[in-house]
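All remarks here apply to the structure that follows.
Protein chains get the first letters and strands the later ones, always in sequence-line order, with residue 1 at the start of each.
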Number of protein chains: 2
Amino acid sequence: MGTEVELGQILQDLENTNTLEELSNVAEQLRGILQVEHLTYHWVDGAGDQYGYTTYSDAWDERYRDKNYHRIDPVILGCFQRFHPVDWKSLDWSSRIAKSFLEDARNHGVGNQGYSIPIRGPNGQFALFTVNHSCDDRTWQRFISTFGRDLILVAHFINRKALEFEEDRQPDSKRNLSPREIDAITLLALGYSRAQVAHSLSISEHTLRVYIESARSKLGAHNTTHAIATALSRGLIVV
Amino acid sequence: MGTEVELGQILQDLENTNTLEELSNVAEQLRGILQVEHLTYHWVDGAGDQYGYTTYSDAWDERYRDKNYHRIDPVILGCFQRFHPVDWKSLDWSSRIAKSFLEDARNHGVGNQGYSIPIRGPNGQFALFTVNHSCDDRTWQRFISTFGRDLILVAHFINRKALEFEEDRQPDSKRNLSPREIDAITLLALGYSRAQVAHSLSISEHTLRVYIESARSKLGAHNTTHAIATALSRGLIVV
DNA sequence: TTTCTACTCCCCAAAAATGGCGGGGGAGGA
DNA sequence: TCCTCCCCCGCCATTTTTGGGGAGTAGAAA
């Protein structure tokens with residue numbers, strides 16, 4: 001069967017995509033190949049800002065946002081703690097809120113079978129690529145074992161594009177931190193007080209302050225905590 | 001050619017792996033199939049703790065740790081900021097320390113061509129899967145375009161196993177943060193003062209303190225900054 | 001039902017961090 | 001050469017954060 005070839009082409013197309021529309025088109029083709037009801041790429045962002053592509057109904061999409069469902073959706077919660085793709089059946093739907101959420105989803109046209117792939121990028125980026133369908137368990141099982149690996153690659157390539165688009169939108173201005181500044185904020189991030197850090201770096205507490213201040217101004221941070229958070233999410237330090 | 005089939009088998013074998021030795025064996029098979037000099041899977045952990053599989057010489061492995069090279073290695077630094085796999089040539093080797101690091105690496109048997117795939121897991125986990133070889137640029141280019149996608153999958157599967165093994169070693173002691181706690185530390189991470197956060201959450205500053213304290217104790221953090229850094233690197237909050 | 005967790009509010013005093021001022025020496029690039 | 005960046009040190013006063021107490025609600029789980 002030519003499915004393999006077609007999927008290879010999909011990945012190729014994804015690589016050559018330059019706009020959101022093109023990406024949607026490719027996604028639509030993919031849906032045709034996989035023969036599933038719904039495809040969703042969903043960039044989850046602490047703030048609740050979301051960005052992506054979905055074939056769910058607008059009503060459901062809107063309701064999801066309005067109700068802040070990303071806070072209780074077992075798919076999101078589960079995927080957030082895992083690395084491997086997740087079959088919805090393996091999640092915990094026992095709590096009351098999860099059940100009412102599920103019912104709500106069904107009523108808005110979400111199919112009974114789902115497979116979600118968590119994807120993580122730099123700076124704590126987190127996204128989900130989900131395939132959704134209505135069918136019996138055995139059929140679904142067969143679908144997963146046939147396409148599971150390909151879906152991982154698709155998820156990877158879609159996310160790559162999403163990150164590219166996002167990057168275009170926010171150009172960053174970063175000066176580099178000096179080694180001492182990095183030492184300083186790294187130790188602070190590890191929970192040491194300024195006194196301890198100064199001692200551990202064998203410098204006066206005042207000198208330490210100079211480093212922290214200068215790191216803070218380089219990072220455009222309001223306070224030390226902000227500087228640490230910024231440095232961490234920009235990948236300038238690692239803890 | 002049967003390379004496709006063989007790689008499929010490698011993925012299968014990876015899934016069935018249950019010990020580190022088995023994993024090493026599969027990696028060795030993979031190295032045979034790809035015909036490259038070195039393969040490395042490298043779990044990067046700010047503290048310098050490292051865990052993985054490598055075919056580099058013990059001398060280099062040790063030297064790398066001793067010198068804290070993970071702090072200056074452009075491969076690590078570069079991959080940490082990116083999502084897509086990285087050809088070493090596309091990195092910035094211009095700084096002095098990078099050059100001396102590179103020379104040191106060469107002297108310890110590291111090949112001139114490299115391709116590294118960043119992988120991220122839950123709780124801020126970060127790892128690299130690297131293929132290293134000595135050859136000219138054109139040959140390498142051909143290698144990458146032939147195996148690039150497969151390598152992504154391999155990296156994914158290896159990391160999946162590494163996470164499984166790790167999980168067995170450290171039974172987790174993590175309670176989840178409550179929504180309010182997450183709100184609180186997220187806003188703090190964004191640089192707001194306690195007064196501002198309290199106002200923005202419409203609660204008293206005292207209540208806010210309760211959240212911060214309880215988040216801190218749940219995270220086992222020494223102070224607020226530490227709590228924020230911990231929450232960030234565990235992926236509990238995003239800024 | 002009882003128990004547990006999440007959420008909300010209050011006071012006080014000590015410790016820590018910040019904001020502002022000043023100073024010096026050295027290494028490297030334009 | 002000059003200029004910039006990195007490295008190091010001191011004192012002042014103010015603001016912010018922290019570490020101890022305390023108490024009451026509601027809703028979910030057991």
Tell me the interatomic distance from [X], atom [atom1], to [N], atom [atom2], rounded to whole angstroms.
X        : N      : atom1 : atom2 : value
A/Ile212 : C/dG19 : CD1   : P     : 11 Å
B/Glu205 : D/dT16 : CD    : C1'   : 9 Å
A/Tyr192 : C/dA17 : OH    : P     : 15 Å
A/His222 : D/dT17 : NE2   : P     : 14 Å
A/Arg180 : D/dC6  : CZ    : P     : 13 Å
B/Asp183 : C/dC7  : CG    : C1'   : 12 Å
B/Ile182 : C/dC7  : CD1   : P     : 10 Å
A/Asn223 : D/dT17 : CG    : P     : 8 Å

With respect to the phosphate group of [N], does any side-chain polar atom (N or O) of [X] fall under 4.0 Å of OP1 or OP2?
X        : N      : result
A/Tyr211 : D/dC8  : yes
A/Lys99  : D/dA28 : no
B/Lys218 : C/dA6  : yes

- Message: Of the options C/dA6, D/dT17, D/dC8, whose atoms approach the side-chain atoms of A/Ile203 most closely?
- Response: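 Selected nucleotide (nearest to the side chain): D/dC8.
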- Which of these nucleotides, C/dC9, D/dC6, D/dC9, is closest to any side-chain atom of A/Ser178?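 Ranking C/dC9, D/dC6, D/dC9 by closest atom to the A/Ser178 side chain puts D/dC6 first.
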- For residues B/Thr130 and B/Ser116, is any side-chain donor paired with an opposing acceptor at under 3.5 Å?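 There is such a pair (donor and acceptor under 3.5 Å, judged by atom type) between the side chains of B/Thr130 and B/Ser116.
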- Task: Please check if any side-chain donor atom of B/Ser214 sits under 3.5 Å from a side-chain acceptor atom of B/Glu181, or the reverse.
- Result: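 Yes, a side-chain donor-acceptor pair sits under 3.5 Å.
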- Are B/Tyr69 and B/Trp60 an aromatic pair by the rule of ring centers under 6.0 Å?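 Yes: the rings meet the under 6.0 Å criterion.
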- Please check if the distance between the ring centroids of A/His156 and B/Phe83 is under 6.0 Å.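 A/His156 vs B/Phe83: aromatic centres under 6.0 Å.
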- Taking NZ, NE, NH1 and NH2 as the nitrogens, is one of them in A/Lys89 or A/Asp87 under 4.0 Å from a carboxylate oxygen of the other?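 So A/Lys89 pairs with A/Asp87 through a salt bridge.
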- Message: So that I can tick it off, tell me whether B/Glu213 and B/Arg216 are bridged by a salt bridge, with the cut-off set at under 4.0 angstrom between side-chain N and carboxylate O.
- Response: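 Counted as a salt bridge, because a side-chain N and a carboxylate O are separated by less than 4.0 Å.
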- Message: If I compare all heavy atoms of A/Trp88 with all of A/Gly111, which pair ends up nearest, and what's the gap?
- Response: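 Result for this residue pair: CZ3-O, 4.2 Å.
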- How does each nucleotide of nucleotides 20-30 of chain C score, in 5' to 3' order, for protein heavy atoms under 4.0 Å: base (B), sugar-phosphate only (S), or none (-)? B-------SS-
- Looking at every strand, decide which applies to B/Thr207 at a 4.0 Å heavy-atom threshold: base, sugar-phosphate, or nothing.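 Contact class for B/Thr207: base.
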